[in-house]
Amino acid sequence: MAGGVAGEVFVEFGRTARAVGRTVWRRLPGVLVGFAVLATFLSVVGFVGAVVDDVAISRNRATATAEVLEGSTFARTLVRFPVPDGQLLVPERGVYHPRGLEPGTTVRVEYDRTEPDLVRVAGRTALSGLPLTIGFVALAWALFGGAAALVRRGRQAAHHE
């Protein structure tokens with residue numbers, strides 16, 4: 001009897017798995033387009049956040065010469081710079097718009113006097129990252145949107161045969 005119950009469980013699991021598979025396959029184009037929309041939304045939010053930070057820095061702008069530190073990663077570039085009270089700051093999130101900075105070099109930075117952790121490379125703004133953002137969105141649409149179009153086209157071809 002125990003084997004019969006286990007067998008029924010496996011049969012029911014198989015039915016459920018097939019039903020889920022059919023649902024996923026049926027909705028796949030929409031899911032793929034949803035990923036492209038999500039990537040677009042996150043990119044827009046990131047860009048708007050960069051603009052907000054730029055506005056805050058521009059309102060209370062101060063400048064300093066910063067040293068680019070070791071330990072930088074793709075996600076952040078660490079810098080150390082002096083503030084007027086003589087304290088050396090190393091913003092935890094690093095510097096905004098860091099493209100091309102090498103450890104050991106110095107760079108001019110702009111920061112928000114009221115919140116010195118908001119720091120960017122002097123002369124660079126959110127617009128500096130716009131080409132990368134647009135490229136990311138275009139890539140997301142090419143991959144996810146293209147995959148959705150291929151799935152739809154394959155279904156239409158199979159339907160007309």
Side-chain angles (χ1 to χ4, degrees), residues 17 19-157:
V20 167
R22 282 191 299 269
T23 300
V24 168
W25 179 247
R26 187 175 64 247
R27 295 179 185 219
L28 185 59
V31 169
L32 291 169
V33 168
F35 282 135
V37 168
L38 179 63
T40 302
F41 174 75
L42 292 175
S43 296
V44 169
V45 167
F47 180 73
V48 168
V51 169
V52 168
D53 289 341
D54 281 351
V55 168
I57 291 170
S58 295
R59 272 195 200 128
N60 299 301
R61 188 173 68 90
T63 60
T65 300
E67 177 188 0
V68 180
L69 303 175
E70 293 287 337
S72 298
T73 64
F74 176 77
R76 68 179 183 169
T77 299
L78 298 174
V79 295
R80 177 176 45 220
F81 62 95
V83 291
D85 67 5
Q87 181 181 349
L88 286 176
L89 280 180
V90 179
E92 188 175 318
R93 291 187 294 177
V95 66
Y96 297 132
H97 323 302
R99 187 178 63 254
L101 301 183
E102 295 294 325
T105 60
T106 58
V107 64
R108 201 81 179 132
V109 295
E110 300 171 334
Y111 64 95
D112 181 349
R113 285 182 217 272
T114 61
E115 192 178 338
D117 277 348
L118 286 178
V119 59
R120 67 180 176 207
V121 175
R124 297 184 188 176
T125 65
L127 293 177
S128 304
L130 194 56
L132 184 61
T133 301
I134 291 170
F136 176 75
V137 169
L139 180 64
W141 279 99
L143 291 176
F144 294 120
L150 286 174
V151 169
R152 284 188 181 129
R153 185 176 300 146
R155 286 182 183 170
Q156 287 173 348

Chemist: Do V83 and R113 have side chains that approach each other closer than 4.5 Å (heavy atoms only, starting at C-beta)?
Modeler: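 No, too far: nothing below the 4.5 Å cut-off.
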Chemist: Do side-chain atoms of S128 reach the backbone of R124 as a donor and acceptor pair under 3.5 angstrom?
Modeler: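 No.
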Chemist: Roughly how far, to the nearest 0.5 Å, is CG of L78 from CG of L101?
Modeler: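 It comes to 11.0 Å.
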Chemist: Which heavy atom of V151 sits nearest to which heavy atom of P29, and what is that distance?
Modeler: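 Here V151 and P29 meet closest at CG1-CG, 3.8 Å.
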Chemist: How far does CG of L132 sit from CZ of F47, to the nearest 0.5 angstrom?
Modeler: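 That separation rounds to 12.0 Å.
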Chemist: Tell me if the CZ atom of F136 is crowded by more than 12 foreign heavy atoms within 6.0 Å.
Modeler: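 Open.
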Chemist: Nearest 0.5 Å please: distance from the CG atom of L28 over to the OG1 atom of T23.
Modeler: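 These two atoms lie 12.0 Å from each other.
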Chemist: Run the side-chain donor-acceptor check on residues 49-60: report pairs under 3.5 Å with partners two or more places apart or on a different chain.
Modeler:
unit_1, atom_1, unit_2, atom_2, d
D53, OD2, Y96, OH, 3.2
D54, OD1, R120, NH1, 3.1
D54, OD2, A126, N, 2.4
S58, OG, D54, O, 3.0
S58, OG, R120, NH2, 3.4

Chemist: Quick one: do Y111 and L89 satisfy side chain to side chain contact (heavy atoms under 4.5 Å, CB included)? Show the steps, please.
Modeler: CA-CA 11 Å; Y111 64 95; L89 280 180; 5.8 Å; no
Chemist: State the CG-OG1 distance between L127 and T133, to the nearest 0.5 angstrom.
Modeler: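 Taking CG in L127 and OG1 in T133, the distance rounds to 10.0 Å.
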Chemist: Distance check, rounded to the nearest 0.5 Å: E102 atom CD versus T105 atom OG1?
Modeler: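 OG1 of T105 is found 7.0 Å from CD of E102.
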Chemist: Report yes if some heavy atom in the side chain of W141 is under 4.5 Å from a heavy atom in the side chain of V37; otherwise report no.
Modeler: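 Side chain of W141 against side chain of V37, heavy atoms only: contact under 4.5 Å found.
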Chemist: Please find the pair of heavy atoms, one from R152 and one from G30, that lie closest to each other, and give the distance.
Modeler: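 Answer, listing the atom of R152 first, then G30: NH2-N, 4.3 Å.
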Chemist: Please identify each residue that fulfils ring-ring contact (aromatic ring centres under 6.0 Å, His included) with F35, with sequence neighbours left out.
Modeler: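 Listed in chain order: F144.
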Chemist: Just so I know, are the side chains of V90 and E92 near enough to count as touching, which here means a heavy-atom distance under 4.5 Å?
Modeler: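 The answer is no; the side chains never approach within 4.5 Å.
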Chemist: Could you list the donor-acceptor pairs under 3.5 angstrom formed between side-chain atoms of residues 61-71 and any protein atom two or more places apart in sequence or on another chain?
Modeler:
unit_1, atom_1, unit_2, atom_2, d
R61, NH1, E110, OE2, 3.4
T63, OG1, R108, NH2, 3.2
T65, OG1, R108, NH1, 2.8
E67, OE1, R80, NH2, 2.8

